[in-house]
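The chains referred to below are lettered A, B, ... by the order of the sequence lines, with proteins before strands, and numbering in each begins at 1.
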2 protein chains.
Amino acid sequence: MLTFTEENYLKAIYRLSDGGSKAVLTNEIAEIMSTKAASVTDMVKKLSVKNLIGYEKYYGVTITREGMAEALMVIRKHRLWETFLVEKLNFSWDEVHDVAEQLEHIQSGLLIEKLDEFLGFPTSDPHGHPIPDRNGKIQEVRQHPLSESPLNKKRFVRSVTDGSPSFLQYLSKIGIYIGAGIVILEKVEFDGSVEILIDGKKKVFISRDAAQNLLVTD
Amino acid sequence: MLTFTEENYLKAIYRLSDGGSKAVLTNEIAEIMSTKAASVTDMVKKLSVKNLIGYEKYYGVTITREGMAEALMVIRKHRLWETFLVEKLNFSWDEVHDVAEQLEHIQSGLLIEKLDEFLGFPTSDPHGHPIPDRNGKIQEVRQHPLSESPLNKKRFVRSVTDGSPSFLQYLSKIGIYIGAGIVILEKVEFDGSVEILIDGKKKVFISRDAAQNLLVTD
DNA sequence: ATAAAAGTTTAGACCGGTCTAAAAAATATT
DNA sequence: AATATTTTTTAGACCGGTCTAAACTTTTAT
Ligand SMILES: [Mn+2]
Ligand SMILES: [Mn+2]
Ligand SMILES: [Mn+2]
Ligand SMILES: [Mn+2]
């Protein structure tokens, strides 16, 4: 049984490793966890004796199979809870993350299975992120940043890369949501901003930054 | 903002003080919290500087208004979560306590208000215990142990005093649930056991112990 | 009233997690 | 190749919570 803190480190390492494919540096972990490098070194030693990560002094860490499995379970719980909060309790998508950050650490296999069932075995959370199944399997959908999409082709919003409340609130305000249909009407070469048409109805300008954080499919 | 541990101590002290009416001894707290007296003394000092309890060395502690308010909020969350688990996730009443023991510490006012609403503002939990409202108000129902009820009068099960899984499972097995109608057919003077009729259908013998742990109303 | 027993607190230690300051190793610059 | 810079680790401390062992206070028994 992992501690609250161990779970959070593992989740961070999993994220930074791009799903287990690359080594992660001490400072990166410190950054994303909002702690100091010294604290990371300590924790990383603990996780490595538990065989959740491989650790080579001065060369960063690599997450192991077991570590990934644990991380994926935490992510599963996080996303199921976010889905619950939005679907059942009428939270808006910008309000759920912090609460899910707490709920993801509740220890009960039964609870998470029952919650999954109650929600109808959802495959993605309110931000379009895939929910790992009970075996940690995630069904990835190939999606691209809206910023890389061509002009005048209809695309559908599938997820956001930045899930900060301010970005999500902004999206809601201008009428963008998961599933929205979007056509790029014009690209401004100078600053990368684009004019888009949302659901064939509303024209708005969004910045390059915003366009990069919207992932779409055909 | 209280820590996980402070909340648990406060809840224990509230319980032992009979709703704030009597002083609580160090060893009682240690017992119910499964810790040692020395640990209790330490924590009790911390809670008293926060004005959540009054503490007089060697003479036990008394819970303050603020302490009670905090305790009641934890109890509110505990019971709302238990209700959620049974009503929405199909847990049985003997499976919910330990999970609720974790969920009760999630910090989010919005969450608990939305949960309350989602559940239809329930006033009692799966064990018949009253759920404090957002102001900490509990609506008490006068109820008596089944063991003190007279012969041949119909009573209704309102709550259980012992909520242990084994007792709850036993009750389910013999057909007793919150709301069940019960008539005492015979009392055995010797050991206090009673023969009862459940819902006018099923006759069973239960021990004095069991009869004392069932609270009923007319 | 004195001694024994029971209950409580203090002293000092440990664990998990964090930090700062200093040392060490790796990388970049010249 | 030597030096400067950046990154990482170590050493030592602190905090919240816990424990054991010893000291102290209160209660009970004689
Ligand atoms: Mn999230
Ligand atoms: Mn977390
Ligand atoms: Mn309970
Ligand atoms: Mn608790």
Original post:
For D:dC19, does OP1 or OP2 lie under 4.0 Å from any side-chain N or O of B:Ser39?
Top reply: yes
Original post:
So, are B:Asp18 and B:Lys22 salt-bridged, with charged N and O less than 4.0 Å apart?
Top reply: yes
Original post:
Using 4.0 Å as the upper bound for N to carboxylate O, is an ion pair formed by A:Glu6 and A:Lys45?
Top reply: no
**OP:** Flag the pair B:Glu117 and A:Lys88 as a salt bridge only when some basic side-chain nitrogen lies within less than 4.0 angstrom of an acidic carboxylate oxygen.
**Re:** no
Original post:
Rounding to a whole Å, what distance do you find between B:Glu28:CD and C:dA6:P?
Top reply: 17 Å
Original post:
Does B:Arg76 come within less than 4.0 Å of B:Asp133, counting only side-chain N to carboxylate O?
Top reply: no
Original post:
Which part of the nucleic acid, if any, lies within contact of B:Thr41, taking any heavy atom under 4.0 Å across all strands shown: a base, the sugar-phosphate backbone alone, or nothing?
Top reply: base
Original post:
Are any of A:Thr35's side-chain N or O atoms less than 4.0 Å away from OP1 or OP2 of C:dT18?
Top reply: no
**OP:** Would you kindly compare A:Lys46 and A:Lys57 by the position of their nearest DNA chain C nucleotide and give the one closer to the 5′ end?
**Re:** A:Lys46
**OP:** In whole angstrom, give the distance that lies between atom CD of B:Glu7 and atom C1' of D:dG17.
**Re:** 15 Å
Original post:
Can you check the A:Lys45 NZ to D:dT8 P distance for me, whole Å?
Top reply: 14 Å
**OP:** For A:Leu2 and C:dG16, give me the distance from atom CG to atom C1', rounded to whole Å.
**Re:** 14 Å
Subject >> Minimum-distance nucleotide (side-chain atoms of B:Lys36 versus C:dA25, D:dT20, C:dG16) >> reply: D:dT20
**OP:** Using a strict 4.0 Å threshold on nitrogen-to-oxygen distance, state whether A:Lys11 and A:Glu70 make a salt bridge.
**Re:** no
**OP:** Could you tell me the separation between the CZ atom of A:Phe4 and the P atom of D:dG17, rounded to a whole number of Å?
**Re:** 14 Å
Subject >> Between C1' of D:dT5 and CG of A:Asn27, the distance in whole Å >> reply: 14 Å
Original post:
Within this structure, what is the OH-to-C1' distance between B:Tyr58 and C:dT8, rounded to whole angstrom?
Top reply: 5 Å
**OP:** Go through C:dG17, D:dG16, D:dA21 for me and flag the one nearest to the A:Thr3 side chain.
**Re:** C:dG17
Original post:
To the side chain of A:Thr5, which of C:dA26, C:dT18, D:dT10 is closest?
Top reply: C:dT18
Original post:
Is A:Tyr59 near enough to D:dT7 that one of its side-chain N or O atoms lies under 4.0 angstrom from OP1 or OP2?
Top reply: no
Subject >> Rounded interatomic separation in angstrom, taking CG from B:Leu25 and P from D:dT27 >> reply: 10 Å
Original post:
Hey, is the side chain of A:Tyr9 poking within less than 4.0 Å of OP1 or OP2 on C:dT18, counting only N and O atoms?
Top reply: yes
Original post:
From C:dG17, C:dC19, C:dT8, pick the nucleotide closest to the side chain of B:Thr26?
Top reply: C:dT8
